[in-house]
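Notes for the one structure printed next.
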Amino acid sequence: MEKLVITGGKHLNGEVFISGAKNAAVAIIPAAIMADGICIIDNLPNIEDVASLSSTLSKMGAVCENTDKHTLRVDSTGDITTYAAFEEVKRIRASYYLLGALLGRYKKAEVALPGGCNFGTRPIDLHLKGFRLLGADVRVSNGTVSLNADRLVGTQIYMDQVSVGATINIMLAASMAEGTTIIENAAKEPHVVDTANFLNLMGANIKGAGTDVIRIRGVEKLHGAEYTIIPDQIEAGTYMIAAAMAGGDVTVRNIIPKHMDSLTAKLAEMGVKITKDDDSIRVIAEGRLEGANIKTMSYPGFPTDLQPQMTALLSACSGISVVTENVWDNRYQYVDELRQLGARITVEGRVAMIEGVERLKGAKVSATDLRAGAAMVVAGLFADGVTEIDNIKYIDRGYEEIEEKLSKIGASIKRVEC
Ligand code: EPZ
């Protein structure tokens with residue numbers, strides 16, 4: 001087991017280079033199995049979830065090879081099994097994209113139900129509803145989802161609620177259905193657009209990704225493609241929040257500033273000096289920031305995946321701040337850990353009320369999930385003394401070289417065996 005040990009109170013100064021987007025990578029890698037050819041996917045983050053999905057594809061018969069640390073070559077021209085119900089698959093939620101990919105190409109799939117972070121219920125009913133509407137027979141038993149379809153036929157699908165995963169999964173299956181599928185009330189996240197762009201490079205015919213209506217004209221075959229995935233807006237936001245919390249002058253590079261608009265606006269409102277360039281944002285923070293109210297929403301609203309990190313920042317701002325979590329029904333499990341550091345937060349259902357304190361005090365805390373772990377790092381950079389974070393396997397699932405990137409800008413952080 002490993003833990004991160006942080007000595008707080010150091011200002012952060014310098015540049016952070018952002019990796020490829022985890023939530024694009026975990027959709028695009030399964031999508032590669034739809035190609036009757038070879039895909040080269042570049043700018044992948046070097047994180048656990050990517051390694052796990054690459055290993056899963058290999059076990060299914062694809063030939064996967066890392067041509068370098070951030071590039072994966074996937075050859076799906078051989079015999080691919082439509083069965084993916086082994087242990088590794090259960091470990092990450094994004095394995096569910098194998099359902100849409102296999103159903104699209106082979107008209108059948110057998111995939112273990114997803115695991116992943118444990119904040120609240122995380123159903124996949126909207127995914128399965130979409131597959132049924134396309135003509136698939138759907139069975140769920142013993143923790144495995146089985147799909148079978150004589151034919152997939154394009155249709156109109158109205159999403160009961162905005163869902164990133166269901167939008168992408170239905171887009172995968174529909175890209176090889178007969179006829180046209182219209183997804184309404186679709187998710188608009190950058191990784192939805194990135195997956196559509198990759199599929200179109202493979203020969204799919206998808207229009208409207210990034211809006212709430214996506215039109216997919218099914219094609220018979222998809223061929224190989226070379227693709228570079230987008231930068232990770234959540235990793236970038238995490239470092240912007242860390243700079244605001246610790247104080248200093250940090251530039252996050254290799255980003256798409258437009259993707260950061262909701263956070264950029266909020267940090268500016270709190271007193272952080274923000275300067276945008278073509279592919280970077282500079283964050284200058286000194287002294288105590290003003291509190292603020294946050295409501296998480298689907299893109300382009302404030303991302304739920306930055307909610308824990310922002311709550312950590314607000315715990316040290318002046319005044320009272322209110323955070324409303326509108327996407328997940330129980331994403332405050334990390335608050336108990338922040339309280340160990342001295343944060344004053346009360347939670348009622350989806351609403352957290354934060355009374356800002358002048359100082360936090362280092363303590364032993366746990367990462368309860370991926371973004372909660374990131375919130376502990378943000379808080380530890382500010383807290384007086386030493387903060388130890390265990391369960392950091394969660395953090396490694398979504399952040400490439402977090403201690404190296406933070407050390408380079410002046411943080412006192414190290415990974416130790418425990
Ligand atoms: C994706 O999860 C991300 N994960 C999550 O990021 C992110 O929090 C979420 O989108 C929202 O942006 C990946 O992309 C791998 P949803 P996903 O379907 O697709 C409900 C991270 O930290 N819902 O948009 O699972 C659901 O319960 C992770 O990187 C249903 O009810 O999220 C939630 O309340 C954490 N039925 C809401 O919709 C369904 O079939 C949004 O979920 C699907 C979802």
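Keep in mind that the numbers below use all heavy atoms, side chains included, and drop hydrogens, waters and symmetry copies. Remember, it's 1-based here, ligands and their atoms both numbered in the order they're listed.
Heavy atoms of His127 found under 4.0 angstrom from ligand 1 belong to the backbone as well as the side chain. Contact annotation: for Asp305 versus ligand 1, heavy atoms closer than 4.0 Å belong to the side chain alone. With a 4.0 Å cut-off on non-hydrogen atoms, Asp125 touches ligand 1 through its backbone as well as its side chain.
Between Arg331 and ligand 1 there is a heavy-atom distance shorter than 4.0 Å. Under a 4.0 angstrom heavy-atom cut-off, Tyr96 registers as being in contact with ligand 1. A heavy-atom separation below 4.0 Å is found between Pro123 and ligand 1.
Counting non-hydrogen atoms of neighbouring residues, nucleotides and ligands closer than 6.0 angstrom, the NZ atom of Lys408 reaches no more than 12 such neighbours.
Near Lys22, with a cut-off below 4.0 Å to any heavy atom, the atoms of ligand 1 are 21 (C), 29 (O). Annotation for ligand 1: atoms under 4.0 Å from non-hydrogen atoms of Val327 are 33 (C), 34 (O), 37 (C), 41 (C). Each of the atoms 39 (C), 40 (O) of ligand 1 lies under 4.0 Å from some heavy atom of Ile124. Under a 4.0 Å criterion applied to the non-hydrogen atoms of Gln161, ligand 1 contributes the atoms 20 (C), 31 (O), 34 (O), 37 (C), 38 (O). Listed by number with element, the atoms of ligand 1 under 4.0 Å from a non-hydrogen atom of Arg93 are 25 (O). Which parts of ligand 1 touch Val164 is read off a 4.0 Å heavy-atom cut-off, strictly below it: atoms 10 (O), 12 (O), 16 (P), 18 (O), 19 (O), 24 (O).
Nearest to atom 19 (O) of ligand 1 by heavy atom, out of Gly165, Ala374, Ala187, Gly301, is Gly165. The nearest non-hydrogen atom to atom 22 (O) of ligand 1, considering only Lys129, Arg371, Arg397, comes from Arg371.
With hydrogens and angles left out, the side-chain atoms of Glu88 and Ser55 include a donor and acceptor closer than 3.5 Å.
The only option from Leu289, Ile320, Ile294 that meets the side chain to side chain contact (heavy atoms under 4.5 Å, CB included) definition with Leu314 turns out to be Ile294.
Aromatic ring orientation, Tyr239 versus Tyr399: perpendicular (interplanar angle above 60°, classes split at 30° and 60°). Note on ring orientation: taking the six-membered ring where Trp is involved, the planes of His259 and Tyr299 are perpendicular (angle over 60°, cut-offs 30° and 60°).
Considering backbone and side-chain atoms together, Ala94 places no N or O closer than 3.5 Å to any N or O of ligand 1.
In this view, Arg132 satisfies the salt bridge (Lys or Arg N to Asp or Glu O under 4.0 Å) rule with no residue, not counting sequence neighbours.
Nearest heavy atoms, Glu269 versus Ala292: OE2-CB, 3.7 Å. A pairwise comparison of heavy atoms in Gly237 and Leu306 identifies C-CD2, 3.8 Å as the closest pair. In terms of heavy-atom proximity, Leu98 sits nearest to Ala84 at CD1-CB, 4.1 Å.
Here the straight-line distance linking atom OG1 of Thr181 with atom CD1 of Ile216 works out to 5.5 Å at 0.5 Å rounding.
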